[in-house]
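Here the structure comes first, spelled out in structure tokens, and everything after it is commentary.
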Protein chains: 2
Amino acid sequence: MTTSRSAASRGSGRGQRVTIADIARRAGVTSAAVSLAVNGRPGVSDATRARIMEIARELDWEPSPAARALAGAPVLTVGMVLARPAEVLGNEAFFGAFVAGLQEVLSAQDYSLQMKIVDSPEAEIDTYRRWFGQRRVDGVVVVDLRADDARIPALEELGQPALVVGGPGHHGSLPAVYVDDARATHLLVDHLAERGHRRIARVAGTAAFLHTAQRDQAFLDRCTELGIGGVLQDAGFGAQDAAVATAELLASDVPPTAIIFDSDEMALAGSHVLAESGVAVPGDIAVASYEDSPLARTHRPGITAIGRSAVEYGRVAATRLLEVIAAARRRDGEPDGMESEVRALEPELVVRASTDPAAQPVAG
Amino acid sequence: MTTSRSAASRGSGRGQRVTIADIARRAGVTSAAVSLAVNGRPGVSDATRARIMEIARELDWEPSPAARALAGAPVLTVGMVLARPAEVLGNEAFFGAFVAGLQEVLSAQDYSLQMKIVDSPEAEIDTYRRWFGQRRVDGVVVVDLRADDARIPALEELGQPALVVGGPGHHGSLPAVYVDDARATHLLVDHLAERGHRRIARVAGTAAFLHTAQRDQAFLDRCTELGIGGVLQDAGFGAQDAAVATAELLASDVPPTAIIFDSDEMALAGSHVLAESGVAVPGDIAVASYEDSPLARTHRPGITAIGRSAVEYGRVAATRLLEVIAAARRRDGEPDGMESEVRALEPELVVRASTDPAAQPVAG
DNA sequence: CTGAAAGCGCTTACAG
DNA sequence: CTGAAAGCGCTTACAG
């Protein structure tokens with residue numbers, strides 16, 4: 001510590017940082033002019049703007065996000081907090097794919113995703129409060145929506161940009177995007193009914209989540225409408241539970257002739273149980289899934305599934321959240337009405353051999 | 001816009017933010033004293049420190065990350081950039097699990113993960129440059145290590161905390177954590193050899209990644225040592241390619257009696273092909289995987305795999321990076337020697353019925 | 001269209 | 001152990 005470098009090592013970094021002051025000096029203008037120029041705001045002539053931009057490029061200037069944030073500009077970060085154990089998330093195909101889709105859109109707009117894992121919904125709400133209090137994020141995306149979710153009123157009260165993934169309903173006045181699960185359920189049940197099934201089971205995921213309840217309801221309703229027997233089998237979480245649920249269905253007095261699973265992971269696990277028990281798919285029992293994946297596709301027989309990818313879901317969510325953030329910034333506190341708009345993703349059915357032997361050419 | 005709120009709406013936020021100045025006023029000290037107190041630094045008496053902390057809590061004070069960062073404190077964020085398409089990432093079980101593990105450790109230390117998807121290694125390097133230039137991150141984790149990876153020298157030159165996931169070798173002077181792939185390969189090959197296999201195939205993933213090459217080498221070497229026939233079959237990416245590779249192996253003149261796949265996704269896809277072709281597992285051909293997952297476990301027969309979970313890998317990586325960041329901060333520019341230390345995760349073999357019929361009780 | 005200034009909320013030497 | 005001040009790098013009214 002013999003050399004003096006107090007000025008450099010204090011403050012923000014390595015010392016040789018180039019700032020708008022440097023650019024201003026070179027351009028013979030004030031730093032305010034530089035700020036206006038680089039942010040594309042009116043207030044400088046085209047000529048000086050061009051000169052300033054050129055110098056900024058020459059000097060390899062990078063704006064300081066900290067300084068910008070401190071001065072009140074957006075921090076270009078959106079947050080997502082997950083109240084589930086890491087192990088569980090890691091096993092969910094949905095999670096990685098959804099995040100990847102979010103990232104793709106956010107990165108393209110120079111936005112970052114900030115994630116945090118907590119262990120309770122209370123801790124999740126607390127995190128939102130702190131994040132917005134600290135101005136750490138410009139907005140948040142809320143996943144794993146539940147019925148009467150405590151996070152919704154908390155977020156409404158905070159009055160900050162938030163996008164709910166899930167619904168419809170139970171997202172209060174917040175904007176939301178969701179896959180139309182009722183529609184997806186109809187697609188699945190109708191397809192099976194058309195193929196002659198009269199006794200269909202649904203192996204359902206975690207009951208706490210709203211979409212699970214919605215699928216349950218739609219499933220039962222549709223079965224009633226079509227006059228076919230619908231069986232509901234709860235299966236908690238993941239592959240293990242789905243395997244158990246499938247075994248239970250097999251053991252019942254009158255097993256179903258078709259099973260719809262809540263995810264590809266569950267469908268695969270269930271299929272393994274069927275195969276092990278010598279049950280032919282789809283000959284004895286047909287199999288379908290609410291979620292598609294490469295594994296569902298390469299499985300033999302290929303598994304009929306709802307084809308809305310989680311990646312696409314992530315993209316739509318990110319796009320919508322960015323809109324909400326932009327709107328909030330524009331009105332700066334005044335409500336605006338249209339930002340609570342809800343957007344639904346239309347599900348599509350991908351028919352494969354697990355429900356239709358003709359769907360998959362032998363040389364596939 | 002009739003009400004005046006210029007002072008409030010300018011600057012950082014909603015106006016009613018509580019700052020260390022507010023605390024200082026209430027406590028009858030300067031804001032400098034507050035700063036020292038809340039950061040646990042010496043310079044204030046225990047009594048005033050306690051009083052300050054109490055007031056901070058009462059006022060519900062939250063430090064401003066922007067202000068801290070601008071004043072030179074760590075930004076409590078680590079970055080990870082991925083040069084792969086979102087779709088590919090989304091399908092990788094490894095990705096989600098690894099991120100979940102990272103998150104778990106980082107969140108506990110109040111650190112955030114910042115991710116970005118780019119479309120080339122050059123863009124990745126550029127992102128590192130900008131992130132550190134902007135002081136957006138305190139460190140980065142580098143994944144998908146390649147042989148002679150251009151990112152390594154770039155990061156070395158930047159001289160900022162970085163942790164390489166992968167190796168050994170090819171990570172230059174940077175600290176690294178890796179799963180010992182040579183060891184994992186021995187575990188797999190030896191296990192198969194012990195069970196009498198004399199012709200083993202390896203279905204390998206993307207050739208560009210270092211660990212693929214290392215597994216190739218270790219595989220060939222070990223086969224030679226044990227005097228058994230080793231077949232290498234390249235399979236590019238994911239389920240589809242693995243299915244094709246497996247079909248090709250089946251079509252060869254003398255098919256192997258065992259196949260080792262690079263990931264659980266590939267092993268599952270390959271198993272589907274085997275099942276479809278009427279090949280008994282493990283009777284005709286045994287199957288093993290370098291990566292475990294719930295699906296590999298519930299598959300029938302359960303798939304023998306290397307049991308080091310990606311979640312755990314993420315945890316170790318985060319822990320190590322945090323150490324490196326702390327060390328860098330302590331020495332403030334002076335090299336320190338021990339932070340380039342490399343840490344290896346010891347792989348474990350989980351034997352299941354895909355290689356050993358006795359391994360899985362029928363009533364599993 | 002341009003200049004000069006205040007302010008965002010902290011941290012960190014430097015004097016007392 | 002405590003006070004007073006400078007500085008981090010921006011943005012945003014406000015005057016000219």
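Please read these numbers as outputs of a predicted model, since none were measured by experiment. Each chain gets a letter, A, B and so on, in the order the sequences are listed, and its residues count up from 1.
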For the atom pair [atom1] ([X]) and [atom2] ([Y]), what is the distance rounded to the nearest 0.5 Å?
X        : Y        : atom1 : atom2 : value
A:Lys116 : B:Leu106 : NZ    : CG    : 9.5 Å
A:Leu59  : A:Arg25  : CG    : CZ    : 9.5 Å
B:Leu145 : B:Arg151 : CG    : CZ    : 6.5 Å
A:Asp110 : B:Arg130 : CG    : CZ    : 5.5 Å

(request) Would you mind classifying the nucleic acid contact of A:Gln134 as base, sugar-phosphate or nothing, using non-hydrogen atoms under 4.0 angstrom? (result) nothing
(request) Counting Watson-Crick and G-U wobble pairs whose two distances are both under 3.5 Å, find the runs of 3 or more in a row that involve DNA chain C. (result) C:1-3 with D:14-16, C:5-12 with D:5-12, C:14-16 with D:1-3
Gap between atoms [atom1] and [atom2], on [X] and [N] respectively (whole Å):
X        : N      : atom1 : atom2 : value
A:Ile20  : C:dA4  : CD1   : C1'   : 14 Å
B:Arg136 : D:dC10 : CZ    : P     : 13 Å
A:Trp61  : D:dG9  : CH2   : C1'   : 10 Å
A:Leu70  : D:dT11 : CG    : C1'   : 10 Å
A:Glu62  : D:dC8  : CD    : P     : 19 Å
A:Asp22  : D:dC8  : CG    : C1'   : 13 Å

(message) Side chains of A:Gln114 and A:Thr77: any donor to acceptor distance under 3.5 Å?
(response) no
To the side chain of [X], which of [options] is closest?
X       : options               : value
B:Thr19 : D:dG9, D:dA4, C:dG9   : C:dG9
A:Ala73 : D:dT11, D:dC10, D:dC8 : D:dT11
A:Val29 : C:dG3, C:dC10, D:dG9  : C:dG3

(request) Could you list all the salt bridge (charged side-chain N to carboxylate O under 4.0 Å, His left out) pairs where at least one residue sits in residues 28-56 of chain A, not counting sequence neighbours? (result) A:Glu54-A:Arg57
(message) Under 4.0 Å between a side-chain nitrogen and a carboxylate oxygen: does that hold for B:Glu62 and A:Arg136?
(response) no
(request) Indicate yes or no: does A:Arg129 engage B:Asp60 in a salt bridge with an N to O separation below 4.0 Å. (result) no
(request) Name every residue in residues 33-52 of chain B that has at least one heavy atom under 4.0 Å from any atom of DNA chain C, in order of residue number, or write none if there are no such residues. (result) B:Ser35, B:Asn39, B:Arg41
(request) Step by step, work out the side-chain contact (heavy atoms from CB on, under 4.5 Å) result for A:Trp61 and A:Val38. (result) CA-CA 10 Å; A:Trp61 171 77; A:Val38 300; 3.9 Å; yes
(request) Please determine if a side-chain N or O atom of A:Arg68 lies less than 4.0 Å away from the OP1 or OP2 oxygen of D:dT11. (result) yes
